[in-house]
Structures are given as structure tokens and as C-alpha cells.
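What follows is a single structure, written as C-alpha cells, with notes after it.
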Protein chains: 2
Amino acid sequence: MAMARYEQIAGDLRDAIVRGEYAIGAQLPSEAELADRYGAARGTIRQAVAVLVNEGLVGSRQGARRIVLGSERSQSFAELHSFAQWARSMGYRASGAVVRSDRRPCTQSEAARLSLTPGEEVLTVLRLRRLDGEPVLLERTVYAGWIAPAVERLDPSCESVTQELYDAVGLVFAYGEHLIDAVAAGSEDARLLGVRRGSPLLRQRRTTTSQEGRPVECSDDRYRAGSVAFSIRNSTSTNPLVRRTGD
Amino acid sequence: MAMARYEQIAGDLRDAIVRGEYAIGAQLPSEAELADRYGAARGTIRQAVAVLVNEGLVGSRQGARRIVLGSERSQSFAELHSFAQWARSMGYRASGAVVRSDRRPCTQSEAARLSLTPGEEVLTVLRLRRLDGEPVLLERTVYAGWIAPAVERLDPSCESVTQELYDAVGLVFAYGEHLIDAVAAGSEDARLLGVRRGSPLLRQRRTTTSQEGRPVECSDDRYRAGSVAFSIRNSTSTNPLVRRTGD
DNA sequence: TGGTCTGGCTTGTTTGTACAAGTTCGCTTA
DNA sequence: TAAGCGAACTTGTACAAACAAGCCAGACCA
């Protein structure tokens with residue numbers, strides 16, 4: 001179907017790596033050899049391999065054969081932004097429920113993060129998410145006013161907000177910024193997540209943007225310690241992750 | 001000097017974005033226009049812009065003009081792996097001291113993560129890192145045996161291990177894998193970081209690999225809550241960050 | 001034996017061309 | 001007025017060619 005040639009080749013090579021056909025530390029075939037094997041131009045092969053380099057599966061330096069760095073397949077953007085889609089891909093059953101939902105004028109900082117004019121109305125939603133029935137994640141989300149009606153029409157116990165918003169109004173979450181740190185559980189956090197007050201939580205503050213670059217929501221997500229970890233691969237040529245001083 | 005043309009152009013565009021010449025949400029010039037302005041082929045321009053897209057500064061979709069998503073400059077790989085280099089770039093003064101250092105045979109899991117044969121000797125080092133004098137980070141690092149001698153020769157209070165190892169034996173950290181979650185401070189953590197036992201810490205478990213794909217070290221780093229956060233930008237076309245179930 | 005050097009291999013950079021596919025916006029039409 | 005259409009524009013994919021730059025191993029020399 002409509003998959004690009006270089007994506008097919010990248011997928012093929014990724015599969016071979018995951019299958020163990022190329023062991024960790026082993027060399028990948030040269031571009032010339034791959035171009036020959038797949039009947040594609042060298043540029044196309046380079047594009048395919050670049051995908052794997054970007055995923056951190058393969059290391060590359062000028063002059064030397066490319067080497068396999070890892071074999072774990074990394075997941076897609078969607079699976080980072082959508083709790084439900086991620087859970088499904090891991091074989092878990094996700095459920096969720098709205099605890100509280102509220103309209104109010106936005107604060108100064110929310111206005112900045114969602115590019116709104118201060119005082120514009122926003123929708124705040126508190127959602128508790130479960131994995132196989134266990135409470136795992138507490139989401140405090142602030143939606144921009146223009147998307148609020150669509151969010152309010154959603155089923156309070158709907159599994160995937162991302163999916164539902166796409167089906168309902170064709171909204172696609174395309175870009176995101178994330179800030180990850182650790183905090184102590186407040187009393188509400190503790191009660192809803194079933195942990196003791198003051199126990200460690202993994203916090204992810206994120207802002208999500210539509211395809212067109214329009215901010216849609218920002219959120220403060222708190223994971224129960226031990227339930228979830230974030231994983232990153234990087235190299236000298238890619239720098240996805242950055243350390244920052246806490247606010 | 002030896003900087004590639006596309007890197008120069010990427011830098012130029014990044015500067016313009018950081019300077020605010022292109023506001024957030026604004027459109028970037030088309031490839032044709034940029035090619036004209038810089039006197040480069042379209043392919044070269046595409047390569048330059050791809051850098052910015054990868055950094056999360058610019059969003060791109062077929063058919064539509066590229067848009068500016070953010071203006072914060074993200075830092076380099078080195079600044080993620082080297083506490084000292086990161087601190088310096090932020091204008092802080094980093095210091096550090098070795099609390100404990102020890103040789104012992106490696107465990108099963110260490111053997112797997114460092115591709116060693118079980119029982120091979122490793123060097124474990126416990127380091128306390130400070131930012132402007134404040135204890136901020138506790139590093140429990142396991143070095144592969146082949147690099148241990150060079151590590152032991154280092155000054156116990158040396159500022160940047162990464163830098164020193166490069167100067168001493170030409171070792172370059174090139175690839176890394178990171179797992180981030182939250183844990184409660186143990187009694188040793190609490191004592192050294194100056195926090196209460198059980199208080200939240202941000203934990204980063206990492207494995208670092210040399211240019212040649214040879215694992216060098218793995219580490220369990222614990223940050224005092226509130227001192228440091230990790231920041232990631234991603235999009236549908238790049239997926240640097242992945243959520244995982246806790247071990 | 002040990003170091004150096006060179007030639008072939010491999011990846012990196014750049015240009016050029018052609019076509020495919022998606023977006024945008026103005027114009028037409030019902 | 002609103003839906004629909006289409007043309008111009010813009011990004012995505014693919015191929016081809018040439019040279020630059022770094023790596024590696026085997027040959028060579030001291």
C-alpha cells in the first residue's frame with residue numbers, strides 16, 4: 001500500500017535486527033550491498049538506514065561499517081501521547097474515568113503555554129487512568145477553549161481520548177513538549193492513586209500541539225512509582241533529551 | 001572551517017528562530033526560496049531543515065509550509081551525558097567527589113548490560129555531584145573492566161569524568177540508553193543528598209557506549225527532586241522517548 | 001618485531017532532475 | 001451563501017552521479 005520504499009526497507013532491516021539476524025555489535029551490510037539487494041538507489045538506502053540511526057538501533061560513523069547498537073523496538077509518537085494506545089501495544093488493558101471537569105478562565109502561565117489571551121476560558125479535566133484495573137496515572141489536563149466542547153461531549157469513561165477526538169472532529173496530535181521530574185504525592189494524589197502521602201511520583205508535564213501548530217492541551221500527569229518508566233536512546237548525532245534545572 | 005554546508009544553514013536558521021525573527025507559529029520560507037537565498041540545492045536545504053525538525057524546533061507536513069514550533073535551543077548529547085558539561089552550559093559551577101570506589105566481579109544483569117562474561121571484574125564508583133555547592137546528584141556507576149584502570153587514575157574530585165577520559169585515553173561516549181523513573185530515597189541517598197528518607201528522587205538509569213559500539217559504563221543516577229527535570233520534544237515523525245512499564 | 005603507509009572500502013556531502021502527494025485559496029456553480 | 005473544483009504552490013520520495021573524508025587491513029620498511 002502507501003508506504004514509502006525507504007520505510008519498507010527500514011522496516012525490513014529493523015525486523016532482521018529484532019529477529020537477531022544481526023547481533024548487537026555486529027556490522028550491517030554496506031550501503032552499496034543493500035542498494036544492490038533491494039534494487040534501490042543509494043540515497044534511498046541512506047534514508048532507510050537513517051530511520052534506524054534515529055531510533056538508536058544502529059550507530060554510524062564516517063568510514064566505518066554501521067553497527068547494531070540495540071534490538072529493542074521503540075514505539076511511536078502516538079504511544080507516548082496516548083496512554084490507551086501505549087497500553088494496548090504492551091498488551092495491557094487501559095481504563096479511565098473523569099474525576100472532575102470544570103470550565104474557568106485561564107491563568108497567566110496557561111495562556112502562555114497554550115498561546116491564549118489571558119482570561120480566555122479553558123476546560124480542566126482530572127482523569128484517573130488504570131492499567132489492568134490498577135490505578136497508575138493521574139492526569140490534570142487543561143484544554144484550550146476551542147476544543148472544549150468536543151472534549152465535554154466525550155464519554156467520561158472513554159478509553160482513548162486521543163482516538164475519540166480524532167474520530168469526532170478529526171483532531172490530530174502532532175507535536176509535543178515534555179518535562180519530566182519527580183514529586184511527592186499530595187493528599188489528592190495519594191487518595192486517588194492509592195499510595196501514601198509524600199511517596200514518590202513520576203511527573204510528566206506536557207503540552208500538545210495540533211498538526212497546524214496550534215496548542216491543544218497541557219497536562220500534569222503523575223505516575224505511581226514503579227508502574228512506568230521513560231526510555232530514551234540517543235547519540236552524538238541526535239539529541240532528543242535534555243536536562244533542565246527544575247522550576 | 002570543516003562544517004558542512006547544511007549544518008551552517010541549519011545553524012543560521014536556528015539562530016534566526018531563537019532571535020525571534022520567525023515567531024512561534026509563523027511559517028518558514030519555502031525550500032525553493034531558501035535554496036535561492038543560500039545558493040544551495042534543494043536537497044541541501046532539506047537536509048538543513050531536517051536538523052531543525054529533528055530538534056523539534058520546526059514542524060513539517062507534506063503540502064504545507066513549515067511552521068516554527070518552539071524557540072528554545074536544545075542542548076547536545078554531551079550535555080546529557082556529562083553533568084559537568086551540562087552545568088557549565090547553564091552557567092552553574094559543578095563539583096563532585098568520589099564517596100566510594102570498589103572492584104568486584106560483575107553480576108548477571110551487569111554482564112548483560114555491558115556485554116561482559118559473567119564474573120568478569122568491574123569497577124563500581126559512588127560519586128556525589130554538586131551544583132553551586134548544593135548536593136544534587138548521586139551517581140552509582142559500574143565501569144567495564146577494560147576501562148577501569150583509566151578511571152582509577154582520575155582525580156577523585158575531578159569535574160568532568162567524560163572530559164578527563166577523553167584526554168587520557170581518547171575515549172568518546174557516543175551512544176546511550178536511558179531509563180527514567182521516580183524512587184524513594186534510601187538511607188544512604190538521604191544522608192548524602194541531604195533529604196529525608198523516603199522523599200522522592202528522580203532516577204536515571206543509563207548505559208553508555210563508545211563510538212565503536214562497545215559498552216563502557218552503566219549507572220544509576222539519582223537527582224534530588226526539584227533540582228533537575230528532563231525535557232523532550234517529539235512529533236509524529238520522530239519518536240525519541242518511549243514509555244515503559246517499570247521493572 | 002614493530003611502526004608506517006598506502007590503497008581500497010565505506011560513509012558523508014552536494015548537486016540535479018523528475019514525479020507524487022498534500023495544502024491552500026480563489027473562482028465557479030448550484 | 002455554501003459547497004465543490006481546480007490550479008498553483010509546497011513538501012515528500014526516488015534516482016543518478018561525483019567527490020570528500022574517515023576507517024581498516026595488508027604490505028612494506030626499518
Side-chain angles (χ1 to χ4, degrees), chain A residues 1-13 22 25-54 57-69 170 172 174-175 210-214 235-238, chain B residues 1-13 22 25-54 57-69 170 172 174-175 210-214 235-238:
Chain A
M1 53 126 233
M3 217 197 323
R5 189 102 173 76
Y6 79 90
E7 280 182 297
Q8 294 172 20
I9 297 174
D12 201 54
L13 289 173
Y22 301 106
Q27 293 184 336
L28 234 50
S30 75
E31 291 178 359
E33 196 179 326
L34 289 173
D36 210 50
R37 182 186 310 174
Y38 288 104
R42 191 179 155 225
T44 306
I45 297 295
R46 283 184 65 77
Q47 224 172 330
V49 179
V51 172
L52 304 183
V53 171
N54 232 292
L57 247 51
V58 167
S60 192
R61 57 196 172 115
Q62 191 171 56
R65 274 284 181 88
R66 271 180 264 257
I67 46 178
V68 178
L69 292 172
V172 176
Y175 310 111
S210 76
Q211 272 189 326
E212 296 82 18
R214 201 167 175 200
S235 75
T236 43
S237 57
T238 63
Chain B
M1 62 122 241
M3 219 202 317
R5 189 102 175 77
Y6 79 90
E7 279 181 298
Q8 293 172 21
I9 297 174
D12 200 56
L13 288 173
Y22 300 107
Q27 293 184 337
L28 233 52
S30 75
E31 291 179 359
E33 197 179 324
L34 289 172
D36 210 50
R37 182 186 308 175
Y38 288 105
R42 190 181 155 222
T44 306
I45 298 295
R46 283 184 66 76
Q47 244 178 123
V49 179
V51 173
L52 304 184
V53 170
N54 233 291
L57 247 52
V58 168
S60 193
R61 60 197 169 113
Q62 190 172 56
R65 274 284 182 86
R66 272 181 261 257
I67 47 178
V68 178
L69 291 173
V172 176
Y175 309 111
S210 77
Q211 270 190 328
E212 297 81 19
R214 202 168 174 199
S235 74
T236 44
S237 57
T238 64

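Every chain is numbered from 1 and lettered A, B, ... according to where its sequence line falls, protein lines coming before strand lines.
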For [X] and [N], what is the distance between atoms [atom1] and [atom2] respectively, to the nearest whole Å?
X	N	atom1	atom2	answer
A:Gln47	D:dC15	CD	P	10 Å
A:Glu31	D:dA21	CD	P	18 Å
A:Ile67	D:dC23	CD1	P	12 Å
A:Arg46	D:dA18	CZ	P	18 Å

>> Rounded at 0.5 Å granularity, tell me how far OG in A:Ser235 sits from CZ in A:Arg61.
In response: 13.0 Å
> Just how far is it from atom CG of B:Asn54 to atom CG of A:Asn54, taken to the nearest 0.5 Å?
Replying inline: 4.5 Å
> Touch check for B:Arg5, heavy atoms < 4.0 angstrom, all strands: base, sugar-phosphate only, or nothing?
Replying inline: sugar-phosphate
>> What range of DNA chain C does chain B touch, first nucleotide to last, counting atoms under 4.0 Å from its heavy atoms?
In response: C:dT13 to C:dT24
> What's the verdict on side-chain contact (heavy atoms from CB on, under 4.5 Å) for B:Leu34 and B:Ile9, showing C-alpha distance, side-chain angles and the deciding distance?
Replying inline: CA-CA 9 Å; B:Leu34 289 172; B:Ile9 297 174; over 6 Å; no
Partner residues of [X] under the salt bridge (Lys or Arg N to Asp or Glu O under 4.0 Å) criterion, sequence neighbours left out:
X	answer
B:Glu212	none
A:Arg65	none
A:Arg214	none

Nearest non-hydrogen partners of [X] and [Y], listed with the distance:
X	Y	value
B:Arg37	B:Pro29	NH2-CG, 3.6 Å
A:Ile45	A:Tyr38	CD1-CD1, 4.2 Å
B:Ile67	A:Gln211	CD1-O, 3.9 Å

>> Assuming nearest nucleotide by heavy-atom distance, tell me which of B:Arg66 and B:Glu212 is located more 5' along DNA chain D.
In response: B:Arg66
> Hey, which of these two, B:Ala64 or A:Gly63, hits DNA chain D nearer its 5' end, going by closest nucleotide?
Replying inline: B:Ala64
> Going by number, which of residues 32-40 of chain A have a non-hydrogen atom under 4.0 Å from DNA chain D?
Replying inline: A:Ala40
> What's the verdict on side-chain contact (heavy atoms from CB on, under 4.5 Å) for A:Leu28 and A:Val68, showing C-alpha distance, side-chain angles and the deciding distance?
Replying inline: CA-CA 7 Å; A:Leu28 234 50; A:Val68 178; 3.8 Å; yes
> Taking five pairs at each end, how big is the angle between the two axes of the helix from C:dT1-D:dA30 to C:dA30-D:dT1, to 10°?
Replying inline: 10°
> Do the side-chain N or O atoms of B:Arg65 get closer than 4.0 angstrom to the phosphate oxygens (OP1, OP2) of D:dT10?
Replying inline: yes
> So which one's nearest nucleotide on DNA chain C is more toward 5', B:Arg61 or A:Gln62?
Replying inline: A:Gln62
> Got a donor-acceptor contact below 3.5 angstrom from the A:Gln8 side chain to the A:Met3 backbone?
Replying inline: yes
